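What you are looking at is a predicted structure, and each value in this text was computed from that prediction instead of being measured. Residue numbers begin at 1 in each chain, while the letters A, B, ... track the order of the sequences.
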2 protein chains.
Amino acid sequence: MTDPTPPRPGSRAGRKASGAARRRTASTGARIREEGAPRVRLPRRLAPRKSPTQDRARETVEAILEAAVDLFSSRGYARTSTNHIARRAGVSVGSLYQYFPNKDAVLTALLARHLAAVESAIHACIPPLRDPAVPLRDGIRRLLELLREVHEADPRLSRAIEQQVGQMPVVPEGLAGYKRDHVATLAEILSTRPDVRPGNHALMAVLLAAVTETVSVVLVHAAPARFGRDEMLDEAVEALCRFVERPPGRLS
Amino acid sequence: MTDPTPPRPGSRAGRKASGAARRRTASTGARIREEGAPRVRLPRRLAPRKSPTQDRARETVEAILEAAVDLFSSRGYARTSTNHIARRAGVSVGSLYQYFPNKDAVLTALLARHLAAVESAIHACIPPLRDPAVPLRDGIRRLLELLREVHEADPRLSRAIEQQVGQMPVVPEGLAGYKRDHVATLAEILSTRPDVRPGNHALMAVLLAAVTETVSVVLVHAAPARFGRDEMLDEAVEALCRFVERPPGRLS
DNA sequence: CGACGAAGCGAGCGATCGCTCGTATCTTGA
DNA sequence: TCAAGATACGAGCGATCGCTCGCTTCGTCG
């Protein structure tokens with residue numbers, strides 16, 4: 001009942017006894033730039049406390065984040081304590097607090113990764129969407145494919161994250177504001193392309209963005225068994241295209 | 001710092017001292033059937049502990065729910081304790097636990113009301129949607145209007161509720177299952193109407209339902225200042241209609 | 001009026017939470 | 001080789017949480 005929660009089989013051996021400490025390959029540190037973290041100014045409350053410099057520490061941070069993914073998505077954010085996370089990561093709470101000032105910061109780190117993935121998916125699709133030579137449909141399909149990929153990476157996590165964001169008392173401006181930017185870009189694209197129907201493009205962009213997000217989530221979470229992956233994608237593309245496309249005027 | 005949280009000005013005088021207890025109109029209890037509660041079998045964990053029989057008690061329950069609305073939507077579910085709720089309601093924790101077995105039950109009661117509202121909105125729109133004589137567009141518009149109304153009743157609450165539902169460890173089948181029913185109904189309607197384009201109507205129904213929900217939320221929450229209420233509604237109707245309507249074959 | 005059930009009260013229990021800090025161990029570089 | 005910083009550890013603090021329970025007060029009715 002007291003939730004012994006043995007470290008998950010896969011990650012990090014459960015060296016309970018203090019003696020059997022970590023012995024890792026001490027390969028010279030690969031100075032990889034912290035991947036997947038968008039350049040955003042985070043408030044002290046949520047910013048990482050200090051960056052790991054040794055490989056050992058990087059592993060610790062990674063294990064913590066993996067454990068957090070696991071627990072947030074299975075038990076929910078509120079029901080997951082920092083002690084849970086640490087234990088599951090095969091790490092002490094103290095170590096967790098070396099790198100994250102508080103629980104929200106752990107979620108924020110996860111959120112940052114997720115948003116970075118979403119952002120890069122969107123960014124990859126802006127050029128084709130801008131290009132009037134590329135059919136609108138193709139750009140939209142590509143975007144949905146990429147977003148689906150992001151959500152598929154860890155469906156439970158992206159669900160948990162997106163739900164929790166709304167609950168966070170402070171959603172860092174930098175992380176939330178990216179949406180506004182993209183909606184603006186989208187509005188501009190809609191106004192430019194000749195194959196988009198006339199109308200209030202700013203408004204259309206707001207709706208389109210919201211619907212796109214929803215649809216990409218549904219693509220992953222709605223009974224993937226009942227409908228084929230591609231079938232669903234086709235229908236989703238259809239929905240978005242029909243909304244914005246200028247009707248050909250001829251042909252059905 | 002310990003959050004004295006005086007009872008909100010509007011509701012229920014703050015009779016702190018035990019002496020100045022409640023003096024309410026003891027009018028013979030209006031036996032109104034608990035309004036807004038769908039006939040759903042709730043697990044003991046979430047079911048109300050006992051129903052209030054006196055008016056005084058009904059007031060208490062009402063005050064508790066109002067306070068919960070207020071706190072859940074402003075501080076979030078996780079950050080709201082039962083003591084908070086009771087204090088804000090001008091009631092003791094003990095009284096709260098007379099009617100709700102635990103915190104989740106309070107949320108569930110709120111959820112039940114919300115879903116009842118959504119459900120009745122949907123139900124009201126099914127006949128016109130079924131009727132081929134009524135333009136599809138009219139039925140959809142009416143549905144969005146009604147859903148918008150529901151969310152407008154208390155935007156913060158419906159937001160908080162819908163976010164929390166996903167986090168709840170046990171979403172009662174009866175409360176969650178209503179969606180499946182409506183999607184099925186929707187699929188059937190799509191298959192029947194001659195003005196709907198051919199295709200996989202079951203799949204279209206899934207997407208349509210998800211998009212409808214999103215859109216109705218956006219209608220209320222997305223900067224209501226930047227766009228006119230009706231303008232947004234028009235555009236949303238457009239989005240949904242274009243998705244399912246059979247193109248006229250002539251005319252733009 | 002008196003008695004009884006319904007309703008209300010709130011101190012406080014046990015559990016858990018987020019988080020700290022003194023100490024032990026590891027890694028690095030000169 | 002070894003000092004010094006980086007990393008890790010985990011018992012446990014203070015706060016808060018959900019919730020109980022012994023008791024008082026209110027409303028009703030014979």
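- Whole-Å rounding puts the A/E59 CD to C/dT27 C1' distance at 13 Å.
- With contacts defined as side-chain heavy-atom distances shorter than 4.5 Å, the pair A/E119/A/H182 qualifies.
- Within the 4.5 Å cutoff, no side-chain heavy atoms of B/V69 are placed close to those of B/E66.
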Please produce a list of atom pairs where a protein N or O lies less than 3.5 Å from an N or O of nucleotides 3-5 of chain C.
none

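- Applying the side-chain contact (heavy atoms from CB on, under 4.5 Å) test to B/K179 and every residue at least two apart in sequence or in another chain returns B/E213.
- Whole-Å rounding puts the A/N83 CG to C/dA15 P distance at 16 Å.
- Put simply, CG on B/L96 is 13 Å from C1' on C/dG10, counting in whole angstrom units.
- For the pair A/R45 CZ and C/dC19 P, the computed distance is 8 Å after rounding to whole Å.
- For B/S95, whose side chain is taken as the heavy atoms from C-beta onward, the closest listed nucleotide among C/dG8, D/dG18, C/dG18 is C/dG8.
- With sequence neighbours excluded, the residues satisfying side-chain contact (heavy atoms from CB on, under 4.5 Å) with B/S92 are B/S95.
- The nearest whole Å value for the distance from the NZ atom in A/K103 to the C1' atom in D/dC17 is 13 Å.
- Contact annotation: B/T53 side-chain N/O to C/dA7 OP1/OP2 distance is under 4.0 Å.
- Checking the phosphate oxygens (OP1, OP2) of C/dC9, no side-chain nitrogen or oxygen of B/Y97 falls inside 4.0 Å.
- Within the structure, the salt bridge (Lys or Arg N to Asp or Glu O under 4.0 Å) test picks out the following pairs touching residues 153-162 of chain B (sequence neighbours left out): B/D70-B/R156.
- Under the ring pair (Phe, Tyr, Trp, His ring centres under 6.0 Å) criterion, A/Y99 pairs with no residue, sequence neighbours left out.
- Mapped onto DNA chain C by nearest heavy atom, A/V93 and A/Q98 fall at different nucleotides, with A/V93 at the one closer to the 5' end.
- Using a 4.0 Å cut-off, some side-chain N or O of A/T60 falls inside it from OP1 or OP2 of D/dA8.
- The CZ-P distance, from B/R87 to C/dC9, rounds to 13 Å in whole Å.
- Residue A/T82 places at least one side-chain N or O under 4.0 Å from the OP1 or OP2 atom of C/dG18.
- Among residues two or more places apart in sequence or in another chain, the ring pair (Phe, Tyr, Trp, His ring centres under 6.0 Å) test is passed with A/F100 by none.
- Between the C1' atom of D/dT16 and the NE2 atom of B/H84 lies a distance of 9 Å, rounded to the nearest Å.
- Each of B/Y99 and A/G94 was assigned the nucleotide of DNA chain C with the nearest heavy atom; the assignment lying further toward the 5' end belongs to B/Y99.
- Of all nucleotides listed (D/dG10, D/dA8, C/dT20), D/dG10 comes nearest to the side chain of A/S92.
- Phosphate proximity of C/dG18 to A/S81: present, with a side-chain N or O under 4.0 Å from OP1 or OP2.
- Between the CZ atom of A/R49 and the P atom of C/dG18 there is a distance of 14 Å, given to the nearest Å.
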